[in-house]
Every structure is written in structure tokens, then in C-alpha cells.
Amino acid sequence: MSTGGAEAAAAAEAMASEAYLAGDAVREARELVAELCRHFYLQGWVTGTGGSITVKANDPAVPLAQQLIVMSPSVSLISQ
């Protein structure tokens, strides 16, 4: 593969990654983590700083090894 071909492939992969990050799967996973954290906190099951929740942002178009895992510290714990 020529240098230009490698650069084009890297650019295409970066665009696909950006689309995945901005896509519905990641947004829904982030919202679910926030909702679960909020629910667990309001139930008294966790403290504001204790524990962690993770959710896989499943998108069948993205290879399994490249799918993100959204973690509770990456979203607002209690946003009302």
C-alpha cells in the first residue's frame, strides 16, 4: 500500500470512529449509565463516589474489539 493509500485508509477509519462516537449506540449507552447511576443513588444503593457502572456501546457495524465500554465516571452521576 502506498503512503497515500495508508493515509486515506487512516482518514476513513478516523471518520468512522467519529461517526461511532457521535452515533446512537454510544449516546444510548451514556444515557443508560447516567440513568442507572441516578436510580441507584436515589434508592440509596450507592454513594455518589462509590462503585462503577459500565455498559458496552453495541453497534453491529463496528467490530466487537473496537466497541466502546461507557463507564460511570464519563457521565454526570446526578444530572437533573
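Worth saying up front: this structure is predicted, and the values here are computed from it rather than measured.
- The shortest heavy-atom contact between V33 and V70 is CG2-O, 3.8 Å.
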Walk me through whether E31 and R27 qualify under side chain to side chain contact (heavy atoms under 4.5 Å, CB included). CA-CA 6 Å; E31 289 173 1; R27 180 189 49 78; 3.2 Å; yes

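- Note: T54 OG1 to L36 CG = 10.5 Å, rounded to the nearest 0.5 Å.
- The minimum heavy-atom distance linking Q67 with P60 is given by the pair NE2-N, 4.4 Å.
- Aromatic ring pairs are classed by plane angle as parallel below 30°, tilted from 30° to 60° and perpendicular above 60°; the pair W45 and H39 is perpendicular.
- Taking each heavy atom of A25 and A57 in turn, the nearest pair found is O-CB, 3.8 Å.
- Residues V26 and L68 have side chains in contact (heavy-atom distance under 4.5 Å, counting atoms from C-beta outward).
- With rounding to the nearest 0.5 Å, the separation of CG in L64 from CG in D59 is 11.5 Å.
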